[in-house]
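Please read the structure below before turning to the comments.
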Amino acid sequence: MPRPKRARAAQVAPTPQEGPALRIAMIASECVPFAKTGGLADVVGSLPKALRALGHDVIVIMPLYGMINRERYTIRPFLAPMGVWMGDTEEWCAVHTTTVDGVPVFFIDSDKYFARPGLYHDADYNDYLDNPRRFGFLTRAGLQLCIDMGFRPDIVHAHDWQTALAAAYLKIWHWNHPVLGGAASVLTIHNIAYQGVYDASHYPYLGLQWGNFTSDKFEDHGRINFLKGGIQYSDMLNTVSPTYANETRTPEGGHGLAMYLNDRGSAYRGILNGVDYTQWNPETDPLIPARYSASNLAGKAICKRELQLRMGLDPNPDIPIVGVVSRLAHQKGLDLLAGAIEGLVQNALVQFAVLGAGDKGLEGYYSLLPLRFPGKIGSFIGYDNQLSHWIEAGSDFFAMPSRYEPCGLNQMYSLRYGTLPIVRATGGLEDTVQQYNEHTGAGTGFKFYEPSVHAVYYTIGWAISTYFDRPHHMQQMIQMAMAQDFSWERSAKEYVQLYREAIARKRGM
Ligand code: ADP
Ligand code: GLC
């Protein structure tokens with residue numbers, strides 16, 4: 001009997017997802033639903049679930065911040081005490097745990113470092129002075145936990161400067177350890193502007209050895225640079241969109257680290273973030289006033305009216321609303337929007353719904369706008385997850401005039417909610433929004449290139465004129481936007497491929 005089946009199977013090239021299930025330890029400074037300041041938390045909350053769905057064994061390790069609600073998430077004691085050797089002293093902590101959607105999450109409990117109201121800074125946005133020690137400790141404690149509970153990771157996945165040292169610790173300290181010796185490291189850079197640069201006096205505590213305090217590793221103009229060390233030591237590394245990966249390879253986009261990224265060659269790449277559609281889907285979203293779908297948009301009109309009422313806007317269904325949900329940081333370009341917004345509400349029929357917190361000057365500016373332009377601009381200064389869902393659902397457009405944007409999640413949420421993004425074509429915004437074509441009506445949003453008030457003003461003006469003059473194009477774009485699929489499954493498969501390459505590099509294959 002010929003055995004055609006077997007012969008044919010042998011000719012099929014293995015897909016990147018094939019291979020044994022991996023054990024992955026993710027160490028991060030924030031994770032949804034426990035603690036969040038930005039998109040990093042969304043990613044660390046979603047990617048492990050998606051990896052688990054692909055059959056991998058993932059744990060998440062993060063700090064037990066003072067603001068985390070232990071009862072709500074049934075966080076219970078797991079291990080105590082746990083000793084963690086830092087470079088020049090031993091620290092003691094406890095470990096707590098819970099499970100979210102099948103993913104075990106472990107919390108490092110240290111009163112000394114994490115029992116504070118903020119994640120990184122106090123209420124006045126002053127960084128905690130011991131941040132290098134806090135996050136150096138978190139990282140070592142995460143590795144120690146793997147040892148103490150006998151979790152032999154194939155991959156240790158670090159995120160941003162806060163846990164970038166994991167890669168270095170694995171190579172400097174644990175290269176032949178029975179539990180950690182086989183672990184390869186992956187570093188994900190969510191924002192290269194935040195590098196963790198601190199005074200060299202913290203170096204002995206971190207235990208990285210003075211011989212490594214060189215300009216190609218940790219040293220940066222006499223100071224310590226956590227992210228630079230991570231770039232040097234990680235087996236593979238990525239950022240969160242292909243365009244941002246290219247931008248960070250340039251002097252301007254690399255914030256001083258382009259040369260080191262370029263040195264890593266093909267070990268550095270861009271993987272687009274995904275969207276957790278269990279949280280961000282207008283068909284099922286329990287947080288919004290009414291649910292809707294691409295085939296029945298009636299609920300979106302209800303969401304618009306409710307948003308107008310909640311934010312003090314004239315409840316007129318025929319005036320377009322531009323929504324904003326953002327950290328008020330230089331990166332996000334909301335100073336550019338500030339230069340355009342007054343002219344827009346004076347010269348055009350448009351309303352704005354703004355939610356944000358951060359820069360004190362911008363907070364003051366945006367908080368006064370509803371008083372100066374009543375019925376036309378609504379704003380809320382602070383952090384409000386429910387309101388962010390209302391703005392996504394109730395607005396017609398969503399503005400992200402970012403100077404740079406490694407990925408950006410809100411434009412992807414907006415697409416699913418049929419709220420057309422108006423974005424600067426940078427980083428992940430460039431990769432996820434398709435430019436409107438006035439001739440065909442194709443596209444999913446409105447893009448501009450120059451980071452200027454002028455560009456913001458006229459691009460929002462372009463969107464408004466499309467709303468009034470070409471409503472059939474609006475309908476076409478809304479349908480196309482809502483059909484976009486940025487689910488995590490695809491991104492998670494790319495991470496698995498990255499992990500496998502990291503393991504191959506580590507083993508010198
Ligand atoms: P970044 O991480 O740079 O802030 P992202 O677009 O990746 O940008 O992610 C921002 C996340 O934080 C989104 O989930 C967004 O809805 C949320 N967010 C930002 N500011 C606020 C706020 N003031 N209130 C509620 N959610 C916010
Ligand atoms: C950073 C970036 C943002 C990205 C997020 C998650 O906060 O500023 O663009 O979406 O990380 O990767």
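One-based numbering, in listed order, for ligands and for the atoms of each.
Within the listing of ligand 2, atoms 8 (O) sit less than 4.0 angstrom from a heavy atom of Asn191. Counting atoms of ligand 2 from 1 in the listed order, those under 4.0 Å from a heavy atom of Pro406 are 2 (C), 8 (O), 9 (O). Listed by number with element, the atoms of ligand 2 under 4.0 Å from a non-hydrogen atom of Val43 are 6 (C), 12 (O).
Of the polar atoms of Gly38, none of the N or O atoms is found under 3.5 Å from an N or O of ligand 1, judged by distance alone. Looking at ligand 1, you'll find an N or O of Arg327 within less than 3.5 Å of one of its N or O atoms. Considering backbone and side-chain N/O atoms, Leu409 comes within less than 3.5 Å of an N/O atom of ligand 1. Between Cys407 and ligand 2, an N or O atom pair is found at a separation short of 3.5 Å. Here's the thing with Leu355: none of its N/O atoms is less than 3.5 angstrom from an N/O atom of ligand 1.
Counting only heavy atoms of the protein, atom 20 (N) of ligand 1 lies nearest to Ser326 C, 3.6 Å. The protein heavy-atom contact nearest to atom 10 (C) of ligand 1 is Gly39 N, 3.7 Å. Looking at atom 14 (O) of ligand 1, its nearest protein heavy atom turns out to be Lys36 NZ, 2.9 Å. The single protein non-hydrogen atom nearest to atom 16 (O) of ligand 1 is Asn410 ND2, 3.3 Å, given as residue, atom name and distance. The protein non-hydrogen atom at the shortest distance from atom 8 (O) of ligand 2 is Gln331 NE2, 3.0 Å. In this structure, the protein non-hydrogen atom closest to atom 22 (C) of ligand 1 is Tyr383 CD1, 3.5 Å. For atom 3 (C) of ligand 2, the closest non-hydrogen atom of the protein is Glu405 OE2, 3.4 Å. In terms of protein heavy-atom proximity, atom 23 (N) of ligand 1 is closest to Gly382 O, 2.8 Å. Scanning the protein for heavy atoms near atom 12 (O) of ligand 2, the closest one is His190 ND1, 2.6 Å.
Contact check on Arg416 versus Glu392 returns no salt bridge, with no Lys/Arg side-chain nitrogen under 4.0 Å from an Asp/Glu carboxylate oxygen.
The aromatic rings of Tyr244 and Tyr404 lie parallel to each other, with less than 30° between the two planes, well short of the 60° mark. Aromatic ring orientation, Tyr495 versus Trp488: tilted (interplanar angle from 30° to 60°). Relative ring orientation between Tyr436 and Trp462 is described as tilted, the plane-to-plane angle lying within the 30° to 60° band. Under the 30°/60° scheme for interplanar angles, the aromatic rings of His454 and Tyr458 are found to be tilted. Between Phe135 and Phe114, the ring planes lie tilted relative to each other; the angle falls in the 30° to 60° range.
Distance check, rounded to the nearest 0.5 Å: CE of Met480 to CG of Leu420 gives 11.0 Å.
Under the rule for a side chain to side chain contact (heavy atoms under 4.5 Å, CB included), the partners of Glu71 that lie at least two apart in sequence or sit in another chain are Asn69.
Each salt bridge (charged side-chain N to carboxylate O under 4.0 Å, His left out) pair with one or both residues in residues 373-390, not counting sequence neighbours, appears once here: Arg310-Asp384.
Residue Val240 touches ligand 2 through its side chain alone, judged by heavy-atom distances below 4.0 Å. Residue contacts with ligand 1, taken as heavy atom pairs separated by less than 4.0 Å, involve Asp384 solely via the backbone atoms N, CA, C and O. By the criterion of a heavy-atom distance under 4.0 Å, the side chain of Asn273, and not its backbone, is placed next to ligand 2. Contact annotation for Leu387 and ligand 1: no heavy atom of the residue comes within less than 4.0 Å of the ligand. With a 4.0 Å heavy-atom cut-off, ligand 1 is reached by no atom of Cys407.
Between Arg490 and Asp485, the closest side-chain pair of non-hydrogen atoms is not below 4.5 Å. In this structure, the side chains of Tyr366 and Ile381 come closer than 4.5 Å at one or more pairs of heavy atoms.
Evaluated for a side chain to side chain contact (heavy atoms under 4.5 Å, CB included) with Asn273, the options Leu409, Leu47, Asp42, Thr188 yield exactly one hit, Leu409. Screening Gln411, Arg424, Lys332 for a side-chain hydrogen bond (donor to acceptor under 3.5 Å, both in side chains) involving Glu405 leaves a single residue, Lys332.
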Practice problem: Starting from the C-alpha separation in whole Å, work towards a yes-or-no answer on side-chain contact (heavy atoms from CB on, under 4.5 Å) for Gln232 and Lys217. | Solution: CA-CA 6 Å; Gln232 168 67 24; Lys217 292 179 179 158; 3.8 Å; yes

Exercise. Go through the steps to decide whether Tyr413 and His389 satisfy the test side-chain contact (heavy atoms from CB on, under 4.5 Å), and finish with yes or no.
Key: CA-CA 9 Å; Tyr413 302 157; His389 284 246; over 6 Å; no

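At least one heavy atom of Tyr413 sits closer than 4.0 Å to an atom of ligand 1. Not a single heavy atom of Ala41 lies less than 4.0 angstrom from ligand 1. Under the 4.0 angstrom criterion for non-hydrogen atoms, Lys332 is in contact with ligand 1.
Closest to atom 4 (C) of ligand 2 by heavy atom, among Gly39, Gly408, Gly427, is Gly408.
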